[in-house]
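Since we're looking at a predicted model, the values are computed, not measured. Atom set for the values below is all heavy atoms of this structure, side chains included, hydrogens, waters and symmetry mates excluded. Chain letters run A, B, ... following the sequence lines, proteins first, then strands; residues in each count from 1.
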Protein chains: 2
Amino acid sequence: MPEQNGVEVCEFLCAHESVVSEVREHMPDEDTLFELAEFYKVFGDSTRIRILTVLCRHEMCVCDLATILSMNQSAISHQLRILKQARLIAARREGKQVFYSLADDHVRHILDTAIEHLAER
Amino acid sequence: MPEQNGVEVCEFLCAHESVVSEVREHMPDEDTLFELAEFYKVFGDSTRIRILTVLCRHEMCVCDLATILSMNQSAISHQLRILKQARLIAARREGKQVFYSLADDHVRHILDTAIEHLAER
DNA sequence: TAAACACATGAACAATCATTCATATGTGAG
DNA sequence: CTCACATATGAATGATTGTTCATGTGTTTA
């Protein structure tokens, strides 16, 4: 059976060896691809997408976000935490309130790219 | 307490009304945002990202993908199914084998955009 | 300093999801 | 037609994750 690092990886053997080894050489390292997936995962939730969509227009305090999205404050805070850790949004305190806004225009571009793709079926 | 559609949505009332209503008017409909999240969700898994990365270079049969990614054939097939349903990849049968490839160059662009973003910290 | 407000966070629960195992479908060889 | 190969798929399982509830932290006002 075919093995890699002592672990059998494919019970059948239909490998087109030249293609396989050529692709293997050019694969980005695992860490990069893992980070990439983690990055997309942040966008893969309706609540977070809705938050980002709101912040595309205006910076916003937590309570207003909760009002707009019809969710309780705790749920919003948890999601804001995830968005902030991913550096997609920035926080600014003003008295008792904390205002969140998009970290940079790159986030807008990423959202636009996907919307564009979806528009093309 | 503030209500929307008869459901209380925010136990505190700090609404900046003009901003809130302005944003509400310009929100895309729920379905669009849901689809957008679902779309990103497909990218939010290392296995699928790795598959897409491979297919960026070459079309590939299932068994070769399993070999390259050191995973069993069933796991790969399940993920290919998800990628295909999302129209990110296309399938082509050739005898007993099925070759998968990127659906279009748009997918490449989407991946590149994210890689670029990650590169900028 | 005490109370109220705005937000953050830990624990618990339900739901979703990726992988594995077993098996089914489809194709070509003999 | 039978067998072996390549892939697909349903069910089960373990892990991850979003929301809720309760409570904690930080800030302003009285």
Side-chain angles (χ1 to χ4, degrees), chain A residues 1-2 7-16 20 33-34 37-38 40-51 59-86 89-101, chain B residues 1-2 7-16 20 33-34 37-38 40-51 59-86 89-101:
Chain A
M1 291 207 180
V7 182
E8 57 179 80
V9 294
C10 181
E11 57 269 55
F12 312 112
L13 184 53
C14 62
H16 305 77
V20 167
L33 296 178
F34 183 80
E38 291 300 304
Y40 277 119
K41 206 171 287 182
V42 178
F43 287 91
D45 174 79
S46 331
T47 300
R48 290 193 290 269
I49 285 286
R50 287 158 75 213
I51 290 175
E59 71 168 5
M60 188 91 33
C61 70
V62 179
C63 188
D64 283 351
L65 274 169
T67 301
I68 292 179
L69 303 187
S70 304
M71 294 179 65
N72 72 43
Q73 172 266 319
S74 180
I76 299 292
S77 271
H78 278 296
Q79 299 307 328
L80 286 171
R81 188 165 180 272
I82 293 172
L83 290 167
K84 196 181 174 195
Q85 282 177 342
I89 63 176
R92 170 179 76 79
R93 179 174 276 277
E94 188 176 314
K96 283 180 287 190
Q97 304 181 63
V98 177
F99 286 86
Y100 285 91
S101 56
Chain B
M1 292 208 182
V7 183
E8 58 180 80
V9 293
C10 179
E11 57 270 55
F12 311 114
L13 183 55
C14 63
H16 305 78
V20 167
L33 298 179
F34 183 80
E38 290 301 304
Y40 277 120
K41 205 172 287 183
V42 178
F43 288 90
D45 175 80
S46 329
T47 299
R48 290 192 290 268
I49 284 287
R50 286 159 74 214
I51 291 176
E59 70 168 5
M60 188 90 34
C61 70
V62 180
C63 189
D64 283 351
L65 273 168
T67 302
I68 292 178
L69 303 186
S70 303
M71 294 179 64
N72 71 43
Q73 172 266 320
S74 180
I76 300 293
S77 271
H78 279 296
Q79 298 307 326
L80 287 171
R81 187 166 180 272
I82 293 172
L83 290 167
K84 197 181 173 197
Q85 283 177 342
I89 63 177
R92 170 178 77 79
R93 181 175 275 275
E94 188 176 313
K96 282 180 287 191
Q97 305 181 63
V98 177
F99 287 86
Y100 286 90
S101 57

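- Per the geometry, CD1 belonging to B:I89 stands 13 Å off P belonging to D:dT7, to the nearest Å.
- Of the side-chain N and O atoms in B:R81, none sit less than 4.0 angstrom from OP1 or OP2 of D:dT7.
- As rounded to whole Å, 18 Å separates atom P of D:dT17 from atom OH of A:Y40.
- B:L65 comes within contact range of no nucleotide atom at all, as no heavy-atom separation falls under 4.0 Å.
- Note: CG (B:N72) to C1' (C:dA18) measures 11 Å, nearest angstrom.
- The residue among B:R48 and A:V98 whose nearest nucleotide of DNA chain C lies closer to the 5′ end is A:V98.
- Distances shown here put a side-chain N or O of B:Y100 below 4.0 Å from the OP1 or OP2 atom of D:dA8.
- Following rounding to the nearest Å, B:M71 (CE) and C:dA18 (C1') show an atom-to-atom distance of 8 Å.
- B:K41 comes within contact range of the sugar-phosphate backbone alone, with a heavy-atom separation under 4.0 Å but no base atom that close.
- Between the SG atom of A:C61 and the CD atom of A:Q73 there is a distance of 10.5 Å, given to the nearest 0.5 Å.
- Every side-chain contact (heavy atoms from CB on, under 4.5 Å) that A:Q79 has, sequence neighbours left out, goes to A:D45, A:T47, A:R48, A:I51, A:I82.
- In this structure, CD1 of B:I51 is placed 11 Å from P of C:dA18, rounded to the nearest angstrom.
- Summarising the geometry, the separation between CZ on A:F99 and C1' on C:dC7 is reported as 12 Å, rounded to the nearest angstrom.
- For B:H78 and D:dT9, the ring-to-base geometry satisfies the stacking test (centroid distance below 5.5 Å, interplanar angle below 30°).
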Step by step, would you call B:E38 with B:K41 a side-chain contact (heavy atoms from CB on, under 4.5 Å)?
CA-CA 5 Å; B:E38 290 301 304; B:K41 205 172 287 183; 3.0 Å; yes

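- Put simply, A:Q97 has no side-chain N or O that comes within less than 4.0 Å of OP1 or OP2 on D:dT27.
- For D:dA22, neither phosphate oxygen OP1 nor OP2 lies less than 4.0 angstrom from any side-chain nitrogen or oxygen of A:S74.
- Here the C1' atom of nucleotide D:dT17 and the CD atom of B:E38 are 14 Å apart, to the nearest Å.
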Can you check each nucleotide of nucleotides 23-30 of chain C against protein heavy atoms at under 4.0 Å and return B for base, S for sugar-phosphate only, - for none, in 5' to 3' order?
----BS--

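- A donor-acceptor contact shorter than 3.5 Å is absent between the side chain of B:R92 and the backbone of B:E94.
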